[in-house]
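Reading through the structure tokens given below for one structure.
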Amino acid sequence: MKALTFPKSHRLLRPSDYSKVFDDVQLKVPHRNFLILAAPNNLGHARVGLIFSKKNFKLAVQRNRIKRQVRETFRHQTDLPDLDIIVLGRQRLAQLDNASVISSLNDLWRRLRKKYHQSSVDQTTMNSKGTG
């Protein structure tokens, strides 16, 4: 069984990493508590970056709790496509309990995979129609 680790290679670390995603958003997965933006990468694995503003989460303890849960659920997603992913937190997220946050995140990861596969099927269909 593959170890469920979270090395630096699976994180968006530099501002340029975030800019690449914001400049080339190819997948958006909205939710009432989160927004996921994603762009493909050539690394062979997914990377995640987190944005939780002080405006939406007044206390650092709130931001840290949610970020910890996002990282933990991401770590368990071993079959995510090769994407750079940014997870943004929305305002009422701080009031949710841990179980609700984890449930929402697992649903978001599932929807991200589904949307990615739909977009890749759409691309192959467009390419095959265009070459005929």
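Residue indices begin at 1 and follow the sequence shown. Since the structure is predicted, the reported quantities are computational estimates derived from the model, not experimental observations.
- Note on L88 and L93: separate hydrophobic clusters, where clusters join Ile, Leu, Val, Met, Phe, Trp and Tyr whose side-chain heavy atoms are under 4.5 Å apart, directly or indirectly.
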Kindly list each side-chain donor-acceptor pair under 3.5 angstrom involving residues 25-37, sequence neighbours excluded, with atom names and distances?
from, atom 1, to, atom 2, distance (Å)
Q26, NE2, D24, OD1, 3.4
Q26, NE2, D24, OD2, 3.3
H31, ND1, N33, N, 3.0

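- The same ILVMFWY cluster, assembled from side-chain heavy atoms under 4.5 Å apart, contains both L50 and L96.
- Residues A38 and L112 approach most closely at CB-CD1, 4.2 Å, considering heavy atoms.
- Hydrophobic cluster membership of I102, counting Ile, Leu, Val, Met, Phe, Trp and Tyr whose side-chain heavy atoms lie under 4.5 Å apart directly or via other members: none, as it forms a cluster of its own.
- Among residues two or more places apart in sequence or in another chain, the side-chain contact (heavy atoms from CB on, under 4.5 Å) test is passed with D84 by L12, V21, N41, R47.
- Note that OG of S53 is 8.0 Å distant from NZ of K58, once rounded to the nearest 0.5 Å.
- The nearest pair of heavy atoms linking L80 to A46 is CB-CB, 4.0 Å.
- Rounding to the nearest 0.5 Å places CG of D17 at 12.0 Å from CZ of F22.
- Residue pairs that meet the salt bridge (Lys or Arg N to Asp or Glu O under 4.0 Å) test with at least one member in residues 94-111, sequence neighbours left out, are D107-R110, D107-R111.
- To the nearest 0.5 Å, the span separating CZ on R71 from CZ on R68 amounts to 7.5 Å.
- Connection of I86 to L83 is not established within any shared hydrophobic cluster, with ILVMFWY side chains joined at heavy-atom distances below 4.5 Å, either directly or through further cluster members.
- Scored by the salt bridge (charged side-chain N to carboxylate O under 4.0 Å, His left out) test, R113 finds D79 as partners (sequence neighbours excluded).
- Here ring pair (Phe, Tyr, Trp, His ring centres under 6.0 Å) pairs that include residues 43-67, with residues two or more places apart or in two chains, are H10-H45, F52-F57.
- Residue pairs satisfying the ring pair (Phe, Tyr, Trp, His ring centres under 6.0 Å) criterion with at least one member in residues 89-115, sequence neighbours excluded, are listed as follows: F74-W109.
- Every side-chain contact (heavy atoms from CB on, under 4.5 Å) that S19 has, sequence neighbours left out, goes to D23.
- By the side-chain contact (heavy atoms from CB on, under 4.5 Å) test, A60 is found to be paired with R63, N64, residues two or more places apart in sequence or in another chain being considered.
- Of the candidates I85, V48, N106, N106 is the only one forming a side chain to side chain contact (heavy atoms under 4.5 Å, CB included) with Q77.
- Taking the side-chain hydrogen bond (donor to acceptor under 3.5 Å, both in side chains) definition, one finds that Q69 meets it with N98, sequence neighbours left out.
- Take R92 and apply the side-chain contact (heavy atoms from CB on, under 4.5 Å) test, not counting sequence neighbours, and it matches Q95.
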